[in-house]
Amino acid sequence: MSNVFIVGATGGVGKRLSPMLVASGHKVTGLCRDQKHADWYAQNQVERVDGDIAKMSVAELTEALEGHDTVVFSAGASGAGKEVTDAVDGDGPLKLIEAMKQQGIDRFYLVSAIPEAGRTKGLGDGFEHYMQVKKNTDAAVVQSDVDWVILRPGTLQDEEGDGAVSLAKALPYGPVKRGNVAKVLSTLIDTPEVKREIVELTDGDIPVDEAVNTLAKG
Ligand SMILES: NC(=O)c1ccc[n+]([C@@H]2O[C@H](COP(=O)([O-])OP(=O)(O)OC[C@H]3O[C@@H](n4cnc5c(N)ncnc54)[C@H](OP(=O)(O)O)[C@@H]3O)[C@@H](O)[C@H]2O)c1
């Protein structure tokens, strides 16, 4: 079983992923930037380290990661502006990788985005910036020497999962339930042979276990 550190544990994906991991026997810790989530952490048997990834140094993140063997980034600036996007979605994963190296942690799961999301919809400058930052971060993570997996979901739907997905190295753009993203992440964490892969994810008609197994076979 793994000791998993999640940035974004209380987000739409993270709040579904965390209890799944706990139910499978993993130990889960979340980076908590707001005390209002304290009850949620206690109720879900998720350990808490207080901190804001936009403000934390690599040294502080290194301390936070002590005792963990797996790191998940599922945080997001959620339209808070370009500077926050740079600090959270851009610098956040890269600082985490530096901290992982200090702790000798190999396994990193990054929630990114299908690059075609929002194409031609004129969603504005902030959205374009967010998509560029996500892509640039993917490119930097790919150059790192940890065992990364980059999961690129389509547009997230705030729904529980039905366990039926499309998951492949390249997919036509489409939506995906946050519950399905959580289930895929949880299954990937239980399938460590899938590593150094970029995978795209939408809702579909393949059971999650089967879809991840297919990836694991290469
Ligand atoms: N929205 C989409 O359609 C879409 C599509 C593809 C990919 N994605 C990506 O999917 C991932 C998950 O999205 P989501 O919708 O589940 O996220 P979300 O509901 O917006 O939640 C974001 C999480 O990140 C945490 N967070 C934000 N800033 C932080 C900071 N500075 N320090 C520490 N934690 C911070 C939030 O903490 P609080 O709970 O305290 O706010 C929350 O737990 C994100 O990486 C997002 O970019 C989104």
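Indexing begins at 1, ligand by ligand and atom by atom, following the structure's order. In this text, all values refer to a predicted model and were calculated from it rather than measured experimentally.
- In Arg152, neither the side chain nor the backbone holds a heavy atom less than 4.0 Å from any atom of ligand 1.
- Around the NZ atom of Lys27, the shell of radius 6.0 Å holds more than 12 heavy atoms that belong to other residues, nucleotides or ligands.
- Within ligand 1, the atoms closer than 4.0 Å to a non-hydrogen atom of Thr155 are 3 (O), numbered from 1 in the order shown.
- Only side-chain heavy atoms of His37 come within less than 4.0 Å of ligand 1; its backbone N, CA, C and O stay farther off.
- The protein non-hydrogen atom at the shortest distance from atom 31 (N) of ligand 1 is Asp52 OD1, 2.7 Å.
- Taking all heavy atoms of Thr137, Val84, Val111, Leu31 into account, the minimum distance to atom 11 (C) of ligand 1 is reached by Val111.
- What sits closest to atom 5 (C) of ligand 1 on the protein, heavy atoms only, is Gly154 O, 3.4 Å.
- Here's the thing with Ile53: one of its N/O atoms is less than 3.5 angstrom from an N/O atom of ligand 1.
- Side-chain atoms of Asp50 and Gln35 include a donor-acceptor pair closer than 3.5 Å.
- Of all protein heavy atoms, the one closest to atom 16 (O) of ligand 1 is Val13 N, 2.8 Å.
- The local environment of CD in Glu63 is sparse, with at most 12 non-hydrogen atoms from other residues, nucleotides or ligands closer than 6.0 Å.
- Formation of a donor-acceptor pair under 3.5 Å by the Asp89 side chain with backbone atoms of Tyr130 is not found in this model.
- Nearest protein heavy-atom contact of atom 7 (C) of ligand 1 is Ser112 O, 2.9 Å.
- Considering backbone and side-chain N/O atoms, Asp34 never comes within less than 3.5 Å of an N/O atom of ligand 1.
- Each of the atoms 31 (N) of ligand 1 lies under 4.0 Å from some heavy atom of Val88.
- Taking a 6.0 Å sphere around CD of Glu98, one finds it holds more than 12 heavy atoms contributed by other residues, nucleotides or ligands.
- Using a 4.0 Å cut-off between heavy atoms, Lys134 contacts ligand 1 through its side chain alone, with no backbone atom that close.
- With atom 45 (O) of ligand 1 as the reference point, the heavy atom nearest to it among Ala77, Ala117, Ala75, Ser74 is part of Ala75.
- Here the protein heavy atom with the shortest distance to atom 37 (O) of ligand 1 is Arg33 NE, 3.4 Å.
- Closest protein heavy atom to atom 3 (O) of ligand 1: Leu156 N, 2.9 Å.
- No donor-acceptor pair closer than 3.5 Å links the side chain of Ser186 to the backbone N or O of Ala182.
- Between the side chain of Asp106 and the main chain of Val146, no donor-acceptor pair closer than 3.5 Å is present.
- Of all protein heavy atoms, the one closest to atom 21 (O) of ligand 1 is Gly11 CA, 3.1 Å.
- A donor-acceptor contact closer than 3.5 angstrom links the side chains of Thr29 and His68.
- Residue-ligand proximity, Asp89 to ligand 1, at heavy-atom distances under 4.0 Å covers atoms 47 (O).
- Distances from atom 22 (C) of ligand 1 to the heavy atoms of Gly76, Gly8, Ala182 put Gly76 nearest.
- Put simply, the side chain of Lys177 never gets that close to the backbone of Asp162: no donor and acceptor are under 3.5 Å apart.
- Looking only at atom types and distance, the side chain of Asn44 has no donor-acceptor partner in the side chain of Ser18 under 3.5 Å away.
- Protein heavy atom in closest approach to atom 8 (N) of ligand 1: Tyr130 OH, 3.4 Å.
- Heavy-atom contacts of Ser78 reach the following atoms of ligand 1: 20 (O) (cutoff under 4.0 Å).
- Remark: side-chain polar atoms of Gln143 are not paired, donor with acceptor, to backbone N or O of Ala140 under 3.5 angstrom.
- Of the possible donor and acceptor atoms, none in the side chain of Asn3 sits under 3.5 Å from a partner among the backbone N and O of Asp69.
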